[in-house]
Q: 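Here it is, the structure in full.
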Amino acid sequence: MPRAGAGVIELENVAYSYGGGELLSDISVKLAPGSFHFLTGPSGAGKTTLLKLCYGALLPTAGHVRLFETDVRALERDDVAMIRRKIGVVHQDVQFLDHLPVADNIALPLTVSGRHAEAAGPDLGELMAWVGLTNRAGAVPPELSGGERQRAALARAVIMSPDVVLADEPTGNVDWDMSQRLLTLLVELNRMGKTVLIATHDLSLIRAAKAQVQARVLRISNRRVQLAGADL
Amino acid sequence: MRFDLHTLRALLQGDRQADRVVPPTGFTAQLTLFASGAMAFLAVFALALSLASGRLAQRWGDELARTATIRIVAPEDQRAIQTTAALEVLSTTPGIASARALTDEEQQALLAPWFGQDLPLDALPVPRLIEIVVTRDGFDATGLRLRLAAEVPGAVLDDHGRWRAPLVSAAQRLRILGWAAALLILGAVAAMVTLAANAALAANAQVVAVLRLVGATDSYIAQAFVRRFTLRALIGSGVGVVIGLLAVWLLPTGGDTPGFLTGIGFQGAGWLVPLLLPLICAAVALIATAYAASRALRTLT
Ligand SMILES: Nc1ncnc2c1ncn2[C@@H]1O[C@H](COP(=O)(O)OP(=O)(O)OP(=O)(O)O)[C@@H](O)[C@H]1O
Ligand SMILES: [Mg+2]
């Protein structure tokens, strides 16, 4: 049973450093189930780093990160793998297996968890249609445009029907129309009850989102995270 | 990578979908196939050498241990008397199954290769030979020598021990050498597969990162590599063994001549021993890859 008021992802007095000075200090953030958050801040502020802390790719140098109420330090390597199946991640520099067709790449989370893409057939088809990639299913990732890759990454992030979707600059290299389509997809996911966290420095994207969904904006500045006010 | 029945079953059943997550590596694959094939081919010869020397050591040991000779070196007029006396002594020596003096014709036949057919034996001081067949338990050579010295002054006992021992021990050494070579070859297979697996893991760091991101466990990732290398080692060494066996089979045999070179090969159930090689190579590859993968995956994040 989840603790009342527990977040799916909780950071408590977290600090992180890559070895030099602290990049992030004393950060406390709680993502409540079903919430929608933006994470913003200047380039190099540590958005990607904070996201990596949120899915157990990095361990905090101080403080605690709890994923689904388990401290990441207590996780075995296999537990991390299990948690990744509940947290869909869209990477900033989208990573695919370049030798497999897009459809197989999108189905990859199913494959590695022992469920087969064929079993998820209709779901996969629906998903491909949802992100508008139906007619690109057979292409390999290097053949896709930047926007197509971003959409494929989003489809892969949600195919396991994860509880949380973390997206790092999901609209990084797409035009305004495409970024609106991607945003709509993320908002739809949130309406389905998923917790969403989007890292972006694109303030117009945040404004556009605020019209559609109740989103909170976290801003990294001076190594700390603040809740951004209405000044956006 | 944890190793239990479940992983083993998954490994054997295979998973076509899972195999595809690691990109095909044509060249490395062929090198692994070739190297394990070559190793298995060599291992077949090492085994053939080893088994043949083992058989030889045993046969020489057995045959020579069960025969001995006595030479009667005495003046012409004494020879017959001393021969009879020696046979007398032998008939009362425990451990001797039978003893008999060679006839003139037989001695002539023995010497014929050197001196030709019509050697006048009685004109030459050729010693008389007594052939002894020993029982399985053997006889006391020292005791017999003492008795002969006392009763038959011209008798010299030759139990073949002098030249038998080094031959037998050489054959035994050769057998050990053969086994050592086979083991070294398996060690080389392990080293080669470990290197190849390490290279494959390093070359696929990006693939590993993607798999991690989408929730693949270490053992899933490791298995994709392990299965590949195990299969390559199995197929490569299978081909190597078949070719090696053919080569051994085609070696000329010397019929009944007890030569060493013509004796290299397999006999009876011995032919089955090399057939274990592909299985052993595959097991070695499996362990080596699993080891390499579990180490590499621990360091790759
Ligand atoms: N693996 C690493 N080792 C050392 N330093 C790193 C590493 N990854 C990131 N950094 C540094 O940490 C800082 C924060 O990086 P991060 O990627 O988190 O920033 P970001 O806010 O996502 O930036 P952007 O908006 O450009 O994506 C940068 O100065 C970067 O150079
Ligand atoms: Mg970033």
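No hydrogens, no waters, no symmetry mates; every other heavy atom, side chains included, goes into these values. Numbered from 1 within each chain, the chains take letters A, B, ... in sequence-line order.
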Q: Would one find more than 12 heavy atoms of other residues, nucleotides or ligands at under 6.0 Å from atom OH of Tyr291(B)?
A: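 Not more than 12 within 6.0 Å, no.
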Q: Measuring only between side-chain heavy atoms, which start at C-beta, is Leu211(B) closer than 4.5 Å to Leu108(A)?
A: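 Yes - at least one pair of side-chain heavy atoms lies under 4.5 Å apart.
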Q: Please classify the contact between Tyr55(A) and chain B as side chain, backbone, both or neither, with a heavy-atom cut-off of under 4.5 Å.
A: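 The answer is the side chain of Tyr55(A).
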Q: Checking side chain to side chain contact (heavy atoms under 4.5 Å, CB included) against Thr217(B), which of Arg77(A), Glu76(A), Met82(A) comes through?
A: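 The single option meeting the side chain to side chain contact (heavy atoms under 4.5 Å, CB included) with Thr217(B) is Met82(A).
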Q: Which distance, rounded to the nearest 0.5 Å, do you find between the CZ of Arg84(A) and the CZ of Arg212(B)?
A: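 With rounding to 0.5 Å, CZ (Arg84(A)) is 8.0 Å from CZ (Arg212(B)).
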Q: What's the separation between atom CG in Asp98(A) and atom CD in Gln206(B), rounded to the nearest 0.5 Å?
A: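 It is 7.0 Å, given to the nearest 0.5 Å.
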Q: Taking all non-hydrogen atoms of both residues, which atom of Arg20(B) and which atom of Leu100(A) are closest, and how far apart?
A: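 For Arg20(B) versus Leu100(A), the nearest heavy atoms are NH2-CD2, 3.6 Å.
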Q: Where is the tightest heavy-atom contact between Arg85(A) and Ala216(B), given as atom of each residue plus distance?
A: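 Shortest heavy-atom separation between Arg85(A) and Ala216(B) comes out as NH2-CA, 4.5 Å.
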Q: Taking the side chain as everything from C-beta on, heavy atoms only, tell me whether Arg156(A) gets closer than 4.5 Å to Leu213(B).
A: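 Yes, side chains in contact.
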Q: What do you reckon, is CH2 of Trp130(A) surrounded by more than 12 foreign heavy atoms closer than 6.0 Å?
A: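 Yes, enclosed.
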Q: Does Gln58(B) CD have over 12 foreign heavy atoms under 6.0 Å away?
A: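 Atom CD in Gln58(B) is not crowded, with 12 or fewer foreign heavy atoms closer than 6.0 Å.
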Q: Verify the neighbour count for atom CZ of Arg73(A): are there more than 12 heavy atoms of other residues, nucleotides or ligands below 6.0 Å?
A: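 Yes, CZ of Arg73(A) has more than 12 neighbouring heavy atoms, counting only those of other groups under 6.0 Å.
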Q: Between Tyr220(B) and Thr111(A), is there a side-chain heavy-atom distance shorter than 4.5 Å?
A: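 Touching, per the 4.5 Å side-chain cut-off.
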Q: Answer yes or no: are there more than 12 heavy-atom neighbours, outside Tyr18(A) itself, under 6.0 Å from its atom OH?
A: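 Check passes, neighbour count above 12.
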Q: Donor-acceptor check, side chain of His91(A) to backbone of Val210(B), threshold 3.5 angstrom: yes or no?
A: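 No, His91(A) side chain to Val210(B) backbone: no donor-acceptor pair under 3.5 Å.
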